[in-house]
Amino acid sequence: MNKPLRIAVIGAGLIGKVHVAQVEANPDCLLSAIADPTEAGKSLAEARKTLWFATLDELLAAGQVDGVILATPNNLHSEQTQQCIAAGVPTLIEKPVAHTLDEGQRLLAIAKASKVPLMVGHHRAHSPIMTKAHQAINSGALGDLVAVTGSAMFYKPADYFEAGPWRTQPGGGPILINMVHEIGNLRYLCGEITAVQAIASNKRRGYPVEDTVGILLRFENGVIGTFILSDTAASARSWEQTAQENKMYSTYADEDCYHIAGTMGSLSVPTMRLKQFSNEAVRSWYEPMQNETIDLEREDPLTVQLQHFCQVIRGEVSPLVSVRDGLQNLRVTEAILLAAKSEKLVRIDY
């Protein structure tokens with residue numbers, strides 16, 4: 001039996017508290033410390049009967065830690081990851097990997113030159129739903145991929161914006177807040193995205209930031225994708241409301257948020273309804289397809305992610321979501337924002 005890994009959580013905000021609970025619930029982990037400069041952070045450490053440090057520097061100087069989870073504001077991610085690299089401490093970086101592409105590029109260069117294990121917290125990649133979908137696609141069940149349609153349509157209540165007025169201003173719209181999650185999923189299922197176009201509207205809410213966006217995506221392997229994003233739509237076609245993983249949200253078992261089509265079949269996610277032609281020689285829209293529903297066993301992806309992080313710390317596996325992956329998710333998301341502003345095709349390098 002391996003000894004429990006000493007995990008420290010940096011940042012005692014909303015997501016930091018979630019990580020603290022995850023670490024405490026995992027028998028493979030020991031919550032070794034919380035670092036947060038606020039009184040609330042200190043109180044949380046006292047309540048959890050663990051060490052408290054005001055800064056990451058102080059925590060790293062004290063040693064006695066096997067891994068760090070960075071759950072701090074976005075603008076601190078790159079700088080603090082570099083501190084952890086310098087201290088030789090494996091790190092799980094909450095998304096986004098950095099607050100700008102330049103900082104992300106700089107971090108990637110440093111990460112490549114280092115042997116310290118790093119992974120980025122795009123937790124949906126650890127969802128059993130995504131794993132099953134990825135396996136179905138890789139098995140050849142769909143044939144060669146042709147197209148993907150996706151949606152993240154939901155209604156954010158007024159108090160969401162009242163609690164964070166910055167969300168009504170440029171930088172706070174659903175492209176930058178929500179789309180980075182979807183890009184991670186789409187890249188995982190369908191491959192690298194090489195170009196995007198987008199049209200945005202703020203007609204419904206009237207804020208100086210988009211509330212609804214139509215997106216066109218071109219993938220390196222020839223797949224073409226469409227995506228509708230809206231935070232003002234009375235719809236359940238979003239990951240949160242279909243995956244049934246986060247109990248905070250109402251869920252609808254009959255809805256999907258992705259549909260991936262290939263030359264032999266198609267898969268709807270997360271209902272996992274698979275339709276296939278039985279014979280390549282008789283493919284036709286006049287011919288019936290076989291229907292199947294792939295079985296699922298749901299599990300909290302944050303729990304799976306933490307267990308994966310433990311394996312990464314021990315050197316048993318490579319990170320499922322690398323710094324490069326985190327940077328590419330950010331790069332595509334910012335390209336969509338640029339495309340929406342310019343209404344022009346934006347090509348993406350990687």
Side-chain angles (χ1 to χ4, degrees), residues 22 26 95 119-154 178-193 217 219 221 223 225-227 236-278 289-312 316-322 325-326 328-329:
Q22 288 286 337
N26 190 319
K95 59 197 170 296
M119 60 180 278
V120 184
H122 284 279
H123 66 282
R124 288 187 192 173
H126 300 272
S127 165
I129 298 169
M130 290 295 293
T131 300
K132 284 282 189 177
H134 191 257
Q135 288 171 348
I137 292 168
N138 283 1
S139 74
L142 308 188
D144 295 325
L145 293 190
V146 174
V148 58
T149 64
S151 62
M153 294 191 288
F154 40 77
N178 302 104
M179 196 64 200
V180 70
H181 300 279
E182 311 301 336
I183 294 303
N185 280 7
L186 293 171
R187 288 183 57 245
Y188 183 56
L189 295 177
C190 300
E192 293 292 356
I193 297 168
L217 307 125
F219 292 78
N221 56 9
V223 171
T226 61
F227 201 95
R237 292 191 175 182
S238 69
W239 180 266
E240 289 83 359
Q241 294 165 286
T242 60
Q244 304 177 51
E245 291 176 338
N246 189 330
K247 304 308 179 185
M248 287 177 57
Y249 299 97
S250 60
T251 56
Y252 304 84
D254 62 328
E255 294 279 17
D256 285 299
C257 59
Y258 305 131
H259 182 76
I260 305 108
T263 55
M264 285 296 296
S266 60
L267 178 68
S268 297
V269 180
T271 62
M272 304 306 290
R273 290 175 292 188
L274 175 65
K275 291 181 172 62
Q276 291 176 291
F277 285 118
S278 58
M289 289 188 281
Q290 296 176 333
N291 293 285
E292 175 189 348
T293 299
I294 299 173
D295 289 335
L296 276 179
E297 290 186 12
R298 285 178 167 81
E299 189 174 0
D300 186 345
L302 285 167
T303 301
V304 182
Q305 176 182 258
L306 179 58
Q307 197 58 45
H308 179 70
F309 184 42
C310 291
Q311 294 175 305
V312 168
E316 297 169 356
V317 298
S318 298
L320 180 61
V321 184
S322 65
D325 285 320
Q328 190 64 4
N329 292 340

Under 4.5 Å between any side-chain heavy atoms of [X] and [Y], yes or no?
| X | Y | value |
| --- | --- | --- |
| Arg187 | Glu192 | yes |
| Val148 | Leu189 | no |
| Pro301 | His123 | yes |
| His308 | Leu320 | yes |
| Phe219 | Leu145 | no |

From [atom1] ([X]) to [atom2] ([Y]), nearest 0.5 Å:
| X | Y | atom1 | atom2 | result |
| --- | --- | --- | --- | --- |
| Ile294 | Thr271 | CD1 | OG1 | 9.5 Å |
| Ile183 | Asp325 | CD1 | CG | 13.0 Å |
| Ser318 | Met119 | OG | CE | 11.5 Å |
| Glu255 | Trp239 | CD | CH2 | 14.5 Å |
| Gln276 | Asn291 | CD | CG | 9.5 Å |
| Thr251 | Gln241 | OG1 | CD | 9.0 Å |

Can you see which heavy atom on [X] is nearest to which on [Y], and at what distance?
| X | Y | answer |
| --- | --- | --- |
| Pro270 | Cys257 | CD-N, 4.0 Å |
| Leu142 | Ile260 | CD1-O, 3.8 Å |
| Ala152 | Glu182 | CB-OE2, 3.7 Å |
| Met264 | Ala141 | CB-O, 4.1 Å |
| Ala136 | Leu267 | CB-CD2, 4.2 Å |
| Met272 | Leu296 | CG-CD1, 3.6 Å |

Closer than 3.5 angstrom, by distance alone: can the side chain of [X] be matched with the main-chain N or O of [Y] as a donor-acceptor pair?
| X | Y | value |
| --- | --- | --- |
| Asn246 | Glu240 | no |
| His122 | Val321 | no |
| Thr131 | Ser127 | yes |
| Ser151 | Arg237 | yes |
| Thr242 | Asp256 | no |
| Glu299 | Pro128 | no |

Over 12 non-hydrogen atoms of neighbours within 6.0 angstrom of CD in Glu297:
no

More than 12 heavy atoms of other residues, nucleotides or ligands under 6.0 Å from CG of Asn138: yes or no?
yes

For the residue pair His134 and Tyr188, does the interplanar ring angle fall in the parallel (under 30°), tilted (30 to 60°) or perpendicular (over 60°) class?
parallel

Indicate the ring-plane relationship of Tyr258 and Phe227, choosing parallel, tilted or perpendicular according to the 30° and 60° boundaries.
tilted

By side chain to side chain contact (heavy atoms under 4.5 Å, CB included), which residues pair with Asp300, not counting sequence neighbours?
Gln22, Leu302, Thr303

Applying side-chain contact (heavy atoms from CB on, under 4.5 Å), run through Val312 and Val317 and close with a yes or a no.
CA-CA 5 Å; Val312 168; Val317 298; 3.9 Å; yes

